[in-house]
Amino acid sequence: MPSKEPPRRRVPGPARSRNAAGGPGRPRSAARPDARRPRSPAARKRRGGSPRSIRLGSPRPRLRLISLCLTLVMLAFVVRLLQVQAVDADTYSAKAEKNRYLEYTIAAERGEITDRSGIALATSVDAHDITADPKLFTPEDSKAPDAPQQAAALLAPILGKDEADLAKKLSTPRSRYTVLARRQTPQVWKQIKDLKAVFAEKAAEDKAKGGPGANVLAGVLQEPTTKRVYPNGDLAAGILGFVNAEGKGGGGLEAQLNKQLQGEDGKIRYAQAGGRPVPTAGSTEIPAVAGTDVELTIDRDIQWAAQRAIADQVEKSEADRGYVVVQNTRTGEVLAMANAPGYDPNDLAQSNSAALGNAALQDVYEPGSTSKVMSMAAVLEEGAATPGTHVTVPNRLHRGDRLFRDDIDHPTWYLTLNGVLAKSSNIGTILATGQLGKTQAEANKVLYSYLRKFGLGSTTGLDYPGESPGIIAHPKDWSTSQQYTIPFGQGLSLNAMQAASVYQTIANGGVRIEPTLVRGTKDADDRYTASEAPERTRVVSEKTATTLAKMLESVVDDEEGTGTKAHIEGYRVAGKTGTANRVDPVRGVYKGYTASFAGFAPADDPQIAVYCAIQNPTKGSYFGGQICGPIYKKVMEFALKTLQTPPSGSDPARLPVSFKPGE
């Protein structure tokens, strides 16, 4: 049965006005209050138009745009993931390991330096480098806003460091490693470790109560290392030198032999968390190789005697400085090399910087009359004179542009060549060396050749840091006065080791042996290697050397000699005094004196050569025989007894010193 639609209800609309053409007119708002209402479809149909429908926009473009954006984002993530896990995997892995793993150097134990008997002169003891991980002092890791400042205040008095400097080092979170103090004693690290334990315990208790558990010392760490110590204090400091703050040789043999002594450092690497090692993460270690031990030619006891003797006289004479060198005449080995004033390498902060070197090798000065032995050697070797040759010595001698004199006024002396040396006559030496050539120029060349053969103008062969070769000009450059002053030791310069080597040469039958300080070495496997034999050079004949030894005895044994204070009971002693005008190193002019004494014993069977010099004595005598003769005697006597050298078995030669006119 067909359904009946309900009758449509017609909604009466407002009356429309017609315009003149009979068309519908525009509604008037005043008469048509509902003019803004939308027309119904029926009304639009009546007007002959089609009804409007509301159509929604298509969602597909928007979905495509969103999908594209999501795809790009995912693609960026995928690319980044590939970069991190594939392309740059090693880089990021390294960065992660750097933050997780700590690596530090295992310092190699520095080789020991001993004397010839194996007694330690320089050794190393356990020490600690106090380090820190600055990241663990940030507020996030330490749970304290001012952890660097608190830690610095606690550590400064223990380490002896400035509190502000420590705080600055601990306030660099980008770094995972900083050194707070190097080479601290085990006692210092124990203090810090005990303090760390206290703070760790407090932090644990605070955290258990719900607090932040702040620990301002968690990031303080340590690395095992060694510290250089010198058991005998200032003994042989000039020879040994010292080790600087970086653990490397800063002077002396420590610097010269640094490569051998320092060994090879090792490395250790381990995982850490909160500054503590993670045992289960494993570690890698490359062990350190200990340095080579060095055995010196020095005898500790003789070194002590030499150092004490020179230090006492320098103080007594109120001198600038002094040196003593003791050498084995047959081997060239240096048994002692002492300087005064010295320094303690254990406490460089309290040392005078001017005393940190080895003055016996680095100071150069005019030797004075101890140099006359080389002039006499040239005269004897060239056959220009013999020990008994008569030399008439006036009170004054005019040569070139100068008037020369001896150290004292005297009437005309009638001396033998032996007497010229015994009484240390400058005028007699000028007259004797003048016979070396037909002209003064020829004589100069001959003398120069002998001075060079004795080692002047060249380093000694020790290769010691800062060693000076001395100064000796070529004969063509000698001034008018130099050609007459050089024969008696003025106008040329040498160091104390060179001077000692001259007397070693005479004592060794005219053969010069390069001095040595290192006797041998012992490597990490305890294998001993002796040093190479030093170079030997014939300077004068054995006959000349033997004659000179007898002449030098007259200086000490004869009552007219200038070195009687060096006499040693039971031993024949050969020696020579020296008193030279001294060049002031600051002003560059002659001011003061250099007093010296050199010789060897026993004169009939030479074993030991000793040389000593004192610079600028200002109190008491300044003559070499008076102030250096006694030093020579003390040191030589001690050395002869230490080495158990038997007394002389014969009497001195006692060559004539003077002659009577007309004989």
Check: Pro656 main-chain N/O paired with Asn418 side-chain donor or acceptor under 3.5 Å: yes

Criterion side chain to side chain contact (heavy atoms under 4.5 Å, CB included) on Val379 and Thr389, from CA distance to verdict: CA-CA 11 Å; Val379 170; Thr389 298; over 6 Å; no

Heavy-atom neighbours of Glu442 CD exceed 12 at 6.0 Å: yes

Neighbour count above 12 (heavy atom, 6.0 Å) for Lys453 NZ: yes

Validation row: Tyr450, Val540 side chains within 4.5 angstrom (heavy atoms): yes

is_close_aromatic(Tyr414, His390), centroid dist under 6.0 Å: no

Donor-acceptor pairs under 3.5 Å, side chain of residues 558-566 to any protein atom, not counting sequence neighbours: which ones?
{"from": "Asp558", "atom 1": "OD1", "to": "Glu560", "atom 2": "N", "distance (Å)": "2.8"}
{"from": "Thr562", "atom 1": "OG1", "to": "Thr577", "atom 2": "OG1", "distance (Å)": "2.7"}

Min side-chain heavy-atom separation Met376-Leu421 under 4.5 Å: yes

Gln313 side chain near Lys316 side chain, heavy-atom distance below 4.5 Å: yes

Test side chain to side chain contact (heavy atoms under 4.5 Å, CB included) applied to Ile310 and Asn339, step by step: CA-CA 7 Å; Ile310 193 66; Asn339 297 286; over 6 Å; no

Tyr343 and Phe242 aromatic ring geometry - parallel, tilted or perpendicular at 30°/60° bounds: perpendicular

Option from Glu514, Gln498, Glu467 for which side-chain hydrogen bond (donor to acceptor under 3.5 Å, both in side chains) with Thr460 holds: Glu467

Chi angles and distances behind the side chain to side chain contact (heavy atoms under 4.5 Å, CB included) call for Trp304, Arg308: CA-CA 6 Å; Trp304 173 83; Arg308 181 178 179 183; 3.2 Å; yes

Parallel, tilted or perpendicular: ring planes of Tyr611 versus Tyr365, cut at 30 and 60 degrees: parallel

Polar side-chain atom of Lys372 near backbone of Ser424 as donor-acceptor pair, under 3.5 Å: yes

Side-chain ion pair, Arg330 and Asp605, N-O less than 4.0 Å: yes

Side-chain ion pair, Lys634 and Asp312, N-O less than 4.0 Å: no

Side chain to side chain contact (heavy atoms under 4.5 Å, CB included) partner of Met551, the single match among Leu655, Val657, Ile506: Leu655

CA sep, side-chain torsions, deciding dist, call: Leu548, Leu380, side chain to side chain contact (heavy atoms under 4.5 Å, CB included): CA-CA 8 Å; Leu548 267 174; Leu380 293 173; 3.8 Å; yes

Carboxylate-amine/guanidinium proximity below 4.0 Å for Asp115 and Arg519: no

Tyr590 side chain reached by Glu366 side chain, heavy atoms, under 4.5 Å: yes

Geometric class of the Trp478/Tyr448 ring pair [parallel <30°, tilted 30-60°, perpendicular >60°]: perpendicular

CZ/Arg396: more than 12 non-hydrogen atoms of other groups inside 6.0 Å: yes

Residues that Asp406 engages under side-chain contact (heavy atoms from CB on, under 4.5 Å), provided they are two or more places apart: Val393, His410, Trp413, Ser425, Asn426, Ile427

Tyr503 and Phe600 aromatic ring geometry - parallel, tilted or perpendicular at 30°/60° bounds: tilted

Contact check, side chains of Ile113 and Leu261, non-hydrogen atoms, under 4.5 Å: yes

Heavy-atom donor-acceptor pair, Thr429 side chain to Pro487 backbone, under 3.5 Å: no

Donor-acceptor pair, side chain of Gln504 and main chain of Thr329, under 3.5 angstrom: yes

